[in-house]
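Presented below is the structure to which this report refers.
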Amino acid sequence: MIISWNTTKECNLYCKHCYRESGPEAKQNDELTTEEGKKMLDEIAKAGFKIMIFSGGEPLLRDDIYELVEHAASLGMRPVFGSNGMYITKEVAKKLKNAGTAGMGISLDSVDPKIHDEFRQFEGAWEKAVEGIKNCIEVGISVQINTTITDVNYDEFEEITDFVIDLGVKAHHPFFLVPTGRGKEIERDSVRAKRYHNMIDRILEKQQEVDIELKPTCAPQFMPAAKEKDMDMRFTRGCLAGTDYCCILPNGEVHICPYLPVEVGNVKDTPFDEIWEDAEIFNELRTMDYSGSCGSCGHTDICGGCRARAYYYSDGDYMAGEPWCHRGGCA
């Protein structure tokens, strides 16, 4: 099971698509303290989670991040990151490695620095991200590249994959835009319907050519698509929201996923392991009793549709059908 913790809303960047609406002035006064964070990590481990994602904002802006990583590792979890990579100097990479960091997810949205910098709204962001990638690899931290797919970089996915392979990364995960946070403002740039499925097919075709892992994210239809191609994937299901995954906001709110703004509880009020086991919303999601196209689909067990996209396009019904899907039994 996987969980992500948005450790802070503070970030050195102001990315156009940010689901958490992070930025240089976005830090909240009610963010979990070090001790509250450690207590929560204890509860997360008790609930059976194995992969702990430290995200943000930019998680490396937290002064106690190394202490938190060390604590997660001591509990037997695998600490990994979601970062823009810009703060990862050689010294920081060594400190992260020594604290127990097992993997680093770094955002890279183009092979063209200008496109990446414009998307991240910071000149020099691409160069710093690539430097961070190299520094992580040098100290033995496995690197995963995260690329947000929009109409702007739709045609260069394969080129990005080839570029990051040359850098020595272990995985490339293309993220499909979910219109939440500032992502609503560029929703028109989302890869829609037919192009969405074409991109999934392109990713799977590229996977058959390369040794690193490629995984479409927020595109659960990749699972039935891979099944149709007789591809052996290590993943068990497309959308894990509420079944094997959830996220925690900087202030302790527990949400279904980072892109689905429905609060399930707050770790300041209730231990996380109790929220995970008892919350009505999580238990509803685990029934997989979806409506619409997802309710009549034969791929529910391996796909599930994107719950966040269902929520956004159906006025708040996270059990609704997936609006972009036309595969299998879906409309």
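No hydrogens, no waters, no symmetry mates; every other heavy atom, side chains included, goes into these values.
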Grouping I, L, V, M, F, W and Y whenever their side-chain heavy atoms are under 4.5 Å apart, do [X] and [Y] come out in a common cluster?
{"X": "L75", "Y": "I248", "answer": "yes"}
{"X": "F235", "Y": "I200", "answer": "yes"}
{"X": "V262", "Y": "Y313", "answer": "yes"}
{"X": "L285", "Y": "I302", "answer": "yes"}
{"X": "V111", "Y": "L214", "answer": "yes"}

Are [X] and [Y] close enough for a salt bridge, meaning some N to O gap below 4.0 Å?
{"X": "E209", "Y": "K206", "value": "yes"}
{"X": "K114", "Y": "D112", "value": "no"}
{"X": "K170", "Y": "E213", "value": "no"}

query: When you look at E253 and H255, which way does the side chain to side chain donor-acceptor pair (under 3.5 Å) test go after all the steps?
result: CA-CA 6 Å; E253 289 183 14; H255 282 204; 2.9 Å; yes
What do you reckon, is [atom1] of [X] surrounded by more than 12 foreign heavy atoms closer than 6.0 Å?
{"X": "D269", "atom1": "CG", "answer": "yes"}
{"X": "E91", "atom1": "CD", "answer": "no"}
{"X": "K94", "atom1": "NZ", "answer": "no"}
{"X": "D166", "atom1": "CG", "answer": "yes"}
{"X": "F163", "atom1": "CZ", "answer": "yes"}
{"X": "E277", "atom1": "CD", "answer": "no"}
{"X": "E123", "atom1": "CD", "answer": "no"}

task: Give the intermediate values and the outcome of side chain to side chain contact (heavy atoms under 4.5 Å, CB included) for residues H116 and L108.
output: CA-CA 7 Å; H116 178 89; L108 199 71; 4.2 Å; yes
What are the two closest non-hydrogen atoms of [X] and [Y], and how far apart are they?
{"X": "F176", "Y": "A219", "value": "CD1-CB, 3.5 Å"}
{"X": "L204", "Y": "M231", "value": "O-CE, 3.6 Å"}
{"X": "G305", "Y": "C294", "value": "CA-SG, 4.1 Å"}
{"X": "Y196", "Y": "C218", "value": "OH-O, 3.8 Å"}
{"X": "T148", "Y": "R120", "value": "OG1-NH2, 4.3 Å"}
{"X": "F282", "Y": "I256", "value": "CE2-CA, 4.2 Å"}

So [Y] and [X], do their side chains get closer than 4.5 Å, heavy atoms only?
{"X": "P323", "Y": "R309", "value": "yes"}
{"X": "S4", "Y": "C247", "value": "yes"}
{"X": "V254", "Y": "C246", "value": "yes"}
{"X": "Y318", "Y": "L260", "value": "yes"}
{"X": "F54", "Y": "R62", "value": "no"}
{"X": "K90", "Y": "E138", "value": "yes"}
{"X": "F81", "Y": "V143", "value": "no"}
{"X": "M104", "Y": "V80", "value": "no"}

query: What pairs with K38 under salt bridge (Lys or Arg N to Asp or Glu O under 4.0 Å), at least two apart in sequence or on another chain?
result: E67
task: For E280, check salt bridge (Lys or Arg N to Asp or Glu O under 4.0 Å) against everything at least two apart and list the hits.
output: none
Measuring from atom [atom1] of [X] to atom [atom2] of [Y], what distance do you get when rounded to the nearest 0.5 angstrom?
{"X": "C239", "Y": "M223", "atom1": "SG", "atom2": "CE", "result": "12.0 Å"}
{"X": "I145", "Y": "I165", "atom1": "CD1", "atom2": "CD1", "result": "11.0 Å"}
{"X": "K229", "Y": "Q208", "atom1": "NZ", "atom2": "CD", "result": "6.5 Å"}

What side-chain donor-acceptor pairs closer than 3.5 Å can you find for residues 39-50, not counting sequence neighbours?
from, atom 1, to, atom 2, distance (Å)
K39, NZ, E43, OE2, 2.5
D42, OD1, H71, NE2, 2.8
E43, OE1, F272, N, 2.9

Is the backbone of [Y] close enough, under 3.5 Å, to the side chain of [X] for a donor and an acceptor to pair up by distance?
{"X": "T217", "Y": "F175", "result": "no"}
{"X": "R78", "Y": "M52", "result": "no"}
{"X": "Y154", "Y": "R195", "result": "yes"}
{"X": "Q207", "Y": "I212", "result": "yes"}
{"X": "N266", "Y": "K268", "result": "yes"}
{"X": "T270", "Y": "V267", "result": "no"}
{"X": "E36", "Y": "T33", "result": "yes"}
{"X": "R307", "Y": "A320", "result": "yes"}
{"X": "E70", "Y": "A99", "result": "no"}
{"X": "T101", "Y": "K97", "result": "no"}

Among side-chain atoms of [X] and [Y], is any donor-acceptor pair under 3.5 angstrom?
{"X": "T147", "Y": "H172", "value": "yes"}
{"X": "E322", "Y": "Y290", "value": "no"}
{"X": "N146", "Y": "Q144", "value": "yes"}

Criterion side chain to side chain contact (heavy atoms under 4.5 Å, CB included) on R202 and E158, from CA distance to verdict: CA-CA 8 Å; R202 283 170 55 194; E158 292 86 354; 2.7 Å; yes
message: side chain to side chain contact (heavy atoms under 4.5 Å, CB included) for S83 and L60? Distances and angles first, verdict last.
response: CA-CA 8 Å; S83 170; L60 292 176; 4.1 Å; yes
field: Set of residues satisfying side chain to side chain contact (heavy atoms under 4.5 Å, CB included) with respect to L61, sequence neighbours excluded
entry: E10, E58, Y87
Give the table of side-chain donor-acceptor pairs shorter than 3.5 Å for residues 124-135, with sequence neighbours excluded, one pair per line with atom names and distance.
from, atom 1, to, atom 2, distance (Å)
W126, NE1, S110, O, 2.9
N135, ND2, I88, O, 2.8
N135, ND2, E131, O, 3.3

- prompt: Which is it for L240 and R237 under the side chain to side chain contact (heavy atoms under 4.5 Å, CB included) test, yes or no, and what are the steps along the way?
  reply: CA-CA 7 Å; L240 304 177; R237 195 164 190 267; 3.9 Å; yes
All side-chain hydrogen bond (donor to acceptor under 3.5 Å, both in side chains) counterparts of D289, not counting sequence neighbours: none
